[in-house]
Amino acid sequence: MIIIFGVVMVGYFAAKRGLWAAELNKYMSVFVLNVTAPLLILSSVMGDGLTFEPAEIGQLLLVSVLNYLVLLGAAYFFTFVWRLDTFRRGLLRFMISFGNVTFIGFPVLLSIFDERAIFYGAVLTIPFNLLIFTVGVEFIAGTGNIKAAFRPRMLLSPCVVAAVLAAVLALFKVETPAEVGEFCHLLGDMTIPCALLIIGSSLSRIPVRDMMGNRFVYTMSAIRLLLLPLLVLGLFRLMGFDPYVTNVAAVLSGMPVAANGIMFCIRYGKDDRLMAQGIFLSTLFSIFSIPLLSLML
C-alpha cells in the first residue's frame, strides 16, 4: 500500500507542478477504461497453469450479484438509521455502494493474491459497471428515474465485454497463442500505474482546506473500509462459498470511494466538496485498512 500510494503521490505532485495537465486525466481515463483495463482482464486468463472450472465461474457470477445486493442493502440501511438531508442521503448511499474497484482494486488484488484474482475481480465487478451509471447517478442526481438512466449499450462497455470474453475463454479452456498473451500482458500492465497516477492527479485539484472532512466523512470511511468487507467476508463464509472467492470479494468491498462521484456531482450541479473529502480520506485511510484486512484474511 505504501508503494501504491507512492505512485498516487507522484501523480499528485506531477499535477501540482504542471507536469500532468488536467485534460490528460480525461483522455487517460478513457484510454485505461477502454483499452488497457480490458486487456488486463483478458490477460488474467492467459498464462501457464491458469485453469478455471465451470462451477467456479458460476459461483463467481452468483457472488457478484449477492455482493452488490449486500452493498446496496447496507447503503439503504445506514441512511435509514442515520437521518440526513436528501443530498447527503444520496451521497452516503453512493459512497457505501461504490468503491474504486478498477483503479485501486485491481492493483491491490494483484499485490495480495495473483493473476487469477484479476479474473475473479473482473467477474465480480460486472454489476459495478452496470449499476454505477444507473443507480449511482440516481443517488447523486436524485431524479427518481433509474430506469431512464439504463441503456442496453452499457452491456457493451469494454470492461464488461472483456470480462464476459475472459469467462468464455476460461470456461472452454481456450489456449491463446503466446504472442497474444504477451501482447495483452504488455498493454494490460499499463493499467495499474496509469490508474494510480490518475487518482493522484484528481486529488491534486482538491483544496488543502477541504481535505480534512468532518464526522460524516470519517464515519462513512469507517463503514466503507472496515465494516463492509467484514460484513461481506462473514456472510459469504457462512454461506459456504469458496474461501478464495470470498476473500477477493471482501477485499473489493473494502476499496475507497469511487472517483466517479466527483464527475457525477459536477455534471448534476451538486456540491462536490463532501464527495472530494470522502474520496481523499478513504483513499488515505486505505493505506492502513487494506493491509489490516489482508492480515485478517
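Throughout, numbering of the chain's residues begins at 1 and tracks the sequence.
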Student check: side-chain heavy atoms of [X] and [Y] closer than 4.5 Å:
| X | Y | answer |
| --- | --- | --- |
| Ser64 | Ile126 | no |
| Val7 | Leu197 | yes |
| Met46 | Phe183 | no |
| Val217 | Phe280 | no |
| Met190 | Val35 | no |
| Tyr12 | Ser201 | no |
| Val257 | Phe98 | no |
| Val63 | Phe236 | yes |

Interatomic spacing from [atom1] in [X] to [atom2] in [Y] - rounded to 0.5 Å:
| X | Y | atom1 | atom2 | result |
| --- | --- | --- | --- | --- |
| Arg88 | Thr79 | CZ | OG1 | 14.0 Å |
| Asp114 | Leu109 | CG | CG | 10.0 Å |
| Arg224 | Leu281 | CZ | CG | 14.5 Å |

Report all side-chain donor-acceptor pairs from residues 283-297 shorter than 3.5 Å, counting only partners two or more places apart or in another chain.
| residue | atom | partner | partner atom | Å |
| --- | --- | --- | --- | --- |
| Thr283 | OG1 | Ile279 | O | 2.6 |
| Ser286 | OG | Thr283 | O | 2.6 |

Exercise. Classify the ring geometry between Phe128 and Tyr68 as parallel (under 30°), tilted (30 to 60°) or perpendicular (over 60°).
Key: tilted
Self-check item: Tyr244 atom OH, neighbour heavy-atom count above 12 within 6.0 Å
Solution: yes
Practice problem: Show the numbers, then the answer: is there a side chain to side chain contact (heavy atoms under 4.5 Å, CB included) between Leu71 and Ile96? | Solution: CA-CA 7 Å; Leu71 296 180; Ile96 290 178; 5.7 Å; no
Quiz item: Between the side chains of Thr246 and Arg237, is a donor N or O closer than 3.5 angstrom to an acceptor N or O?
Solution: no
Which atom names give the shortest non-hydrogen contact between [X] and [Y], and what distance separates them?
| X | Y | result |
| --- | --- | --- |
| Asn34 | Pro158 | OD1-CG, 3.1 Å |
| Thr191 | Val32 | CG2-CG1, 4.0 Å |
| Ala122 | Ile41 | CB-CG2, 3.4 Å |
| Ile223 | Pro229 | O-CD, 4.5 Å |

Exercise. Kindly write out the residues that satisfy side-chain hydrogen bond (donor to acceptor under 3.5 Å, both in side chains) with Ser221, not counting sequence neighbours, or none if the list is empty.
Key: none
